[in-house]
Amino acid sequence: MTYEELARTLRKHGQEHVLRFWGELGEEEKHSLAAQAEAVDWEQLGLWEHPEDLSGKGKIEPIEGISLSEIARDREIFRKVGEEAIKEGKVAAVLLAGGQGTRLGSDAPKGAYNIGLTHPLYIFECLIKNLLEVTSHAGAFVPLFIMTSDKNDAETKDFLEEHGFFGYPREFVRFFTQDMAPAVDFEGKLFLEEKGRLALSPNGNGGWYSSLARTGIMKEFPAVEWINVFAVDNVLQRIADPAFVGATILSGKKSGAKVVSKAEPHEKVGVLCLENGLPAVVEYYELSEDMAMARDKEGRLLYRHGVILNYLFEAKKLEEIAGKRIPVHVVKKKVPHLNEAGELVRPEEVNGYKFETLILDMIKLMGSCLPYEVVREHEFAPVKNKTGVDSVDSARELLKQNGVEL
Ligand code: UTP
């Protein structure tokens, strides 16, 4: 693309400021900026002004799940089926570690965060320890695929290599990177992070499968039939939980979701429901007051299945839905960027929009889903914020309650 063509394209979209520092760039920087501008999905970018209507458009109804007491009753049966699947190499795990953890306010990969007090205990270490418990019991390893982004890929790999993957065998670990998307300010103008670079951010956790599928990693593990996808930031996360795997397989559903019962009707958590007969996650603000308060015959909240970002997907169904589009969410975030003078600004407050797809939107495409209830205090300790709710402090407290020495 010539300079004129580039300038014309950017002008057409009201983005000519991207070339503000063009005169100061070397040849290589010019090429890479032009390539970045060429790759911009202008249609997606336009969503800042006219976002898709993502509020539940369909008929929302409660979804039947499997409760703690039902699980307790049948645990042995579920566990056996799940463990057998693990032994046969049918279960893989995907660790979502491409996020930037802006709320935590650290540039390092979240998994490298040391949550220990008297000795180092890294978040990755907590997760791998939990996985090792399962694999040593099953006598077989679960292939572990780690999704990073361009922003933290090298650092994540170095960190895990340096720590010997916390005892997990290297030959069962693969890395893949997710795609990036540009960010815009509140007027829809593209941000620059350097004079010759657009500010690109990871495009949300909904792109994990397309990114994984592109790498060919799945071909290295042809026996895999189920993929357990989970967030990096829940330090009590149970990975490849045999009972969860077994229950989902036996249910005949194409996916499963670990859920916790909502602590109170208005808890700010996405809830697994049915939307027009298909499983879907409805955000807390999309539930009407009546729905939030509604209770079943046993007095439990009707819409109680809060999702904790631990899903099981059938691999064959994932292949089938691979080309289908999932909605793009326009999210307000803090975006570091260059100001007009070319100085780097690190905003204290949200200053722009990022464009993200979310894994929870894949549940509907899967067609069926088993909500599998777990005990919140045993399995859910997210590290999202510096202090307060879902913070390092609250996660430490929960780790201690579960007998982990800090
Ligand atoms: P969050 O939605 O909490 O986002 O991620 P985040 O980027 O980690 O944190 P904030 O919102 O900026 O503070 C939930 C999970 O999805 C992963 C995260 O790493 C975490 O495991 N994720 C998120 C990705 O892998 N890629 C993304 O683009 C976003």
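Position 1 is the first residue of the sequence; numbering continues from there. Atoms within a ligand are numbered from 1 in the order they appear, just like the ligands themselves.
For atom 13 (O) of ligand 1, the nearest non-hydrogen atom from the set K110, Q100, K334, R103 comes from R103. The heavy atom nearest to atom 9 (O) of ligand 1, considering only G99, P202, S211, G101, is found in G101.
Protein heavy atom nearest atom 12 (O) of ligand 1, with residue, atom name and distance: T102 OG1, 2.5 Å. Looking from atom 26 (N) of ligand 1 to the surrounding protein, the closest heavy atom is Q178 OE1, 2.7 Å. The single protein non-hydrogen atom nearest to atom 21 (O) of ligand 1 is L96 O, 2.7 Å, given as residue, atom name and distance.
Residue-to-ligand polar distances place G98 within reach of ligand 1: an N/O pair is separated by less than 3.5 Å. Considering both main-chain and side-chain atoms, L309 never comes within under 3.5 Å of ligand 1 through any nitrogen or oxygen pair. In terms of N/O distances under 3.5 Å, ligand 1 is approached by G204. Considering backbone and side-chain atoms alike, F230 places every N or O at 3.5 Å or more from each N or O of ligand 1.
Under the 6.0 Å cut-off for aromatic ring centres, Y113 and F124 do not qualify, their centroids lying 6.0 Å or more apart. Taking the six-membered ring for Trp and the full ring otherwise, W208 and F313 have centroids separated by under 6.0 Å.
At a cut-off of 3.5 Å, with distance as the only test, no side-chain donor of D185 or H337 sits close to an acceptor on the other residue.
Contacts between I359 and ligand 1 below 4.0 angstrom, taking non-hydrogen atoms only, are absent altogether. At a heavy-atom cutoff of 4.0 Å, ligand 1 is contacted by both the backbone and the side chain of A231.
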Q: Output, in order, the C-alpha distance, side-chain angles, deciding distance and verdict of side-chain contact (heavy atoms from CB on, under 4.5 Å) for Y168 and F141.
A: CA-CA 9 Å; Y168 210 71; F141 287 104; 3.8 Å; yes

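In this structure, CD1 on I66 lies 10.0 Å from CD on E373, to the nearest 0.5 angstrom. Residue S368 holds its OG atom at 8.5 Å from CD1 of I63, rounded to the nearest 0.5 Å.
Using a 4.0 Å cut-off between charged nitrogen and carboxylate oxygen, K195 and E24 count as a salt-bridge pair. Taking the charged nitrogens against the carboxylate oxygens, K386 and D393 have no contact shorter than 4.0 Å, which rules out a salt bridge.
Qualifying salt bridge (charged side-chain N to carboxylate O under 4.0 Å, His left out) partners for E161, counting only residues two or more places apart in sequence or in other chains: R170.
Proximity of E356 to ligand 1 is not established, as no heavy-atom distance is less than 4.0 Å.
Every atom of ligand 1 with a heavy atom of K333 under 4.0 Å away is listed here by number and element: 10 (P), 11 (O), 12 (O).
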